[in-house]
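Okay, structure first, notes after.
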Amino acid sequence: MMRLKKLYELLFNLYGPQNWWPVDEEYHRKKGTDKREEVIIGAVLTQNTSWKNVERALENLKREGEFSLSFIREVNMEELKRLIKPSGFYNQKAERLKDIAHFLNPTHRVKTIQREELLKVRGIGKETADAILLYAGDRLNFVIDKYTQRFVGRFLRIRGNYEDLKSFFEESLPRDLYIYKEFHALIDEHGKRYCRSTPLCGECPIKDICLSASPSF
DNA sequence: TACCAGGTGGGAA
DNA sequence: TTCCCACATGGT
């Protein structure tokens with residue numbers, strides 16, 4: 001079986017660095033806000049939503065509000081819903097953002113918070129928790145999403161639940177933050193281009209190493 | 001028109 | 001435990 005690290009290198013050579021998580025560095029420099037809070041807000045807004053729609057919501061927040069948890073805490077609920085509306089599921093997401101913003105107050109710093117604590121917050125599931133820990137907290141937590149499950153299912157014939165796959169990646173890869181961040185983003189990029197739910201295997205540039213001749217999911 | 005997108009929580013089986 | 005559904009906007 002092709003080693004995971006080799007697969008990472010293959011995708012990296014194919015697509016180049018993805019530089020996730022995208023944040024507006026200049027905005028945070030000027031405003032003196034914490035870019036990690038933009039990651040947290042984006043992680044909730046992107047739940048089952050295309051990033052394009054999340055960007056619209058983030059633009060609204062930038063224009064009429066602020067990328068900060070203190071803003072989320074203070075803003076009126078109806079106003080928050082209006083701002084994040086383009087990202088869909090805005091009723092739930094507004095409530096979740098409020099919950100998270102109150103939970104991640106200054107006594108709970110992202111750099112030291114435990115995964116189990118994050119998972120207790122309503123609206124933070126495993127994927128969102130790991131995305132926050134990895135991209136906002138620089139913690140070695142590999143993020144598993146639908147693309148990742150599809151990818152290892154097809155390319156490596158490996159299936160399992162969230163924790164199984166997370167352990168597989170974490171035990172197989174070097175403990176390197178850059179690789180964790182890039183590999184997850186690269187898998188998503190490949191998933192968007194070719195390894196879709198209805199895959200474009202004929203056009204896939206790495207179909208030769210795929211173990212799935214007839215993808216079933 | 002139908003499907004999908006950087007998921008989660010809750011209830012039924 | 002596993003499966004199914006609601007949650008909602010916007011692109012293809």
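Order of the sequence lines sets the chain letters (A, B, ...), proteins ahead of strands, with each chain counted from 1. Excluded from the calculations below are hydrogen atoms, water molecules and symmetry mates; all remaining heavy atoms, backbone and side chain alike, are included.
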Side-chain donor-acceptor pair under 3.5 Å between A/Thr49 and A/Lys93, yes or no? yes
Tell me which of A/Thr128 and A/Gly191 sits closer to the 5' end of DNA chain B, going by the nucleotide each one is nearest to. A/Gly191
To the nearest Å, how far apart are A/Tyr162 OH and B/dG9 P? 12 Å
Nearest-Å distance for atom pair CD/P, residues A/Gln47 and B/dG9: 8 Å
Please step through side chain to side chain donor-acceptor pair (under 3.5 Å) for the pair A/Asn141 and A/Lys166, ending with a clear verdict. CA-CA 8 Å; A/Asn141 275 265; A/Lys166 176 175 157 69; 2.8 Å; yes
B/S/- along nucleotides 6-12 of chain C (protein heavy atoms under 4.0 Å) is -BBBSS-
Looking at A/His190 versus A/Phe155, is the centre-to-centre ring distance below 6.0 Å? yes
Proximity to the side chain of A/Pro22 - top-ranked nucleotide from B/dG9, B/dT8, B/dG6: B/dG6
Centre-to-centre under 6.0 Å for A/Trp21 and A/Trp51, is that the case here? yes
I need the CZ-C1' distance between A/Arg193 and B/dA5, as an integer number of Å. 17 Å
Sub-3.5 Å donor-acceptor pair from the side chain of A/Arg150 to the main-chain atoms of A/Cys195, do we have one? yes
Output the rounded distance in Å from NZ (A/Lys126) to P (B/dT8). 10 Å
Rounded to the nearest Å, what distance is computed from the NZ atom of residue A/Lys146 to the P atom of nucleotide B/dG7? 6 Å
Distance check: side-chain N/O of A/Thr46 vs OP1/OP2 of B/dA5, anything under 4.0 Å? no
Atom pair distance, as rounded to whole Å: OH in A/Tyr180 and P in B/dG6: 23 Å
Taking 5.5 Å and 30° as the limits, would you call A/Trp20 and the base of B/dG6 a stacked pair? yes
Aromatic contact, A/Tyr180 with A/Phe169 (centres under 6.0 Å): no
How far, in whole Å, is B/dG6 from C/dC4 if one measures between their C1' atoms? 23 Å
Toward the 5' end of DNA chain B, which comes first, A/His184 or A/Gly123, by nearest nucleotide? A/His184
Separation of B/dG7 C1' from A/Arg150 CZ (nearest whole Å): 13 Å
May I ask you to say what A/Val39 touches in the nucleic acid, namely base, sugar-phosphate or nothing, with a heavy-atom cut-off under 4.0 Å? nothing
What is the separation between atom CD on A/Glu95 and atom C1' on B/dG7, rounded to the nearest whole Å? 16 Å
Is A/Lys35 salt-bridged to A/Glu38, cutoff N-O under 4.0 Å? no
